[in-house]
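As structure tokens, the structure follows; a few thoughts come after it.
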Number of protein chains: 2
Amino acid sequence: MSLASAVPRPAGGVAPLFFALGDETRLALIGRLGEGKPLSIAELASGSAITRQAITKHLNVLAGAGLVRDRRRGREHLWELEVRRLDDARAYLAQISRQWDEALDRLQQFVER
Amino acid sequence: MSLASAVPRPAGGVAPLFFALGDETRLALIGRLGEGKPLSIAELASGSAITRQAITKHLNVLAGAGLVRDRRRGREHLWELEVRRLDDARAYLAQISRQWDEALDRLQQFVER
DNA sequence: GCCTTGTGCAACCGTTAGGTTGCATGATCG
DNA sequence: CGATCATGCAACCTAACGGTTGCACAAGGC
């Protein structure tokens, strides 16, 4: 009955995913990592008004949501974007839109007969 | 230069939008409102483990992000989904994906020559 | 071996989020 | 008018968030 349960959620749930996206600083990080080149924490922190440790925390939040992945090279950690995870979020939003459209169609037909 | 600033953001910024989506309870509300039928606060609260006032707060957060709109009928407020706002979020995600793909293409060409 | 550089870890702090309870208010139905 | 039902408003509480500072540590460069 409940359509809510009919909406399949990616592993781990979408809420943490959206939560990770719901912060200006984190969006900025995603934007920079989206330029393609993997960056170290120090590189991400330099030029930012924020502390390196704060950046680290944000990266961990993003990593927890699967939005970002780190790979160490020597003594430094290179972080890069995990684009597929963005698709999960998009798919979820698309599904709700579809559910909405279909519901409106049903209501429309119900009115017309 | 910075590609981050090249990503157009919907009015009000996307961060609040994603923030509003980043909560399990709020996602459930969106799911129920996505069924098409406008619902009152009391209707949304009944059957929920949560207090009516908590629901009200969540609805206000969603309204603040433009994800939901209320229309009063007599003494009750009917809430309904604002689907277009979901498209804003989707467009933003799509843009980052596109930025990523293009960046990878450039890097690829750089390697090949 | 030393000094530097990139991180991690832990404690701490102010603010906000999510939730509750209690009471006031406004529209509706007898 | 009086009882009732759907809300709003405000205070309060706890836990988490976003940020900082300080120090320890491991990997390179010289």
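Lettering of chains follows the sequences in order, A, B, ..., and the numbering in each one begins at 1.
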Side-chain N,O (A/His77) to OP1/OP2 (C/dG8) below 4.0 Å
yes
Rounded to the Å, how far apart are [X] [atom1] and [N] [atom2]?
{"X": "B/Lys57", "N": "D/dC9", "atom1": "NZ", "atom2": "C1'", "answer": "11 Å"}
{"X": "B/Trp79", "N": "D/dG8", "atom1": "CH2", "atom2": "C1'", "answer": "12 Å"}
{"X": "B/Arg72", "N": "C/dA27", "atom1": "CZ", "atom2": "P", "answer": "7 Å"}
{"X": "A/Glu76", "N": "D/dC25", "atom1": "CD", "atom2": "P", "answer": "22 Å"}
{"X": "B/Arg52", "N": "C/dT20", "atom1": "CZ", "atom2": "C1'", "answer": "12 Å"}
{"X": "A/Gln53", "N": "C/dA10", "atom1": "CD", "atom2": "P", "answer": "14 Å"}
{"X": "B/Glu24", "N": "C/dG18", "atom1": "CD", "atom2": "C1'", "answer": "14 Å"}
{"X": "B/Arg75", "N": "C/dA27", "atom1": "CZ", "atom2": "C1'", "answer": "6 Å"}

Give [X] one of three labels, base, sugar-phosphate or nothing, depending on what nucleic acid heavy atoms sit under 4.0 Å from its own.
{"X": "A/Ala54", "answer": "base"}
{"X": "A/Ser40", "answer": "sugar-phosphate"}
{"X": "B/Arg26", "answer": "sugar-phosphate"}

Do A/Leu27 and B/Leu93 sit in one hydrophobic cluster, given that two such residues count as connected whenever their side-chain heavy atoms are within less than 4.5 Å of each other, even indirectly?
yes
Quick check on DNA chain D: between A/Ala49 and B/Asp70, whose nearest nucleotide comes earlier from the 5' end?
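Going by which nucleotide is closer to the 5' end, it is B/Asp70.
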DNA chain D nearest-nucleotide lookup for B/Ala42 and A/Gly74: closer to the 5′ end is B/Ala42
A/Arg32 and A/Glu35 ion-paired at < 4.0 Å:
no
Salt bridge or not between A/Asp87 and A/Arg84? Use side-chain N to carboxylate O under 4.0 Å.
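No, A/Asp87 and A/Arg84 are not salt-bridged.
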Between A/Thr56 and B/Thr51, which residue's closest nucleotide on DNA chain C lies nearer the 5′ terminus?
A/Thr56
Once rounded to the nearest 0.5 Å, what's the spacing between atom CG of B/Leu86 and atom CZ of A/Arg90?
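Reported to 0.5 Å precision, the distance equals 14.5 Å.
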In terms of the angle between their ring planes, are B/Phe19 and A/Phe19 parallel, tilted or perpendicular, with boundaries placed at 30° and 60°?
tilted
Taking the minimum atom-to-atom distance to the side chain of B/His58, which one of C/dG19, D/dG19, C/dA27 wins?
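Among the listed nucleotides, the one closest to the side chain of B/His58 is C/dG19.
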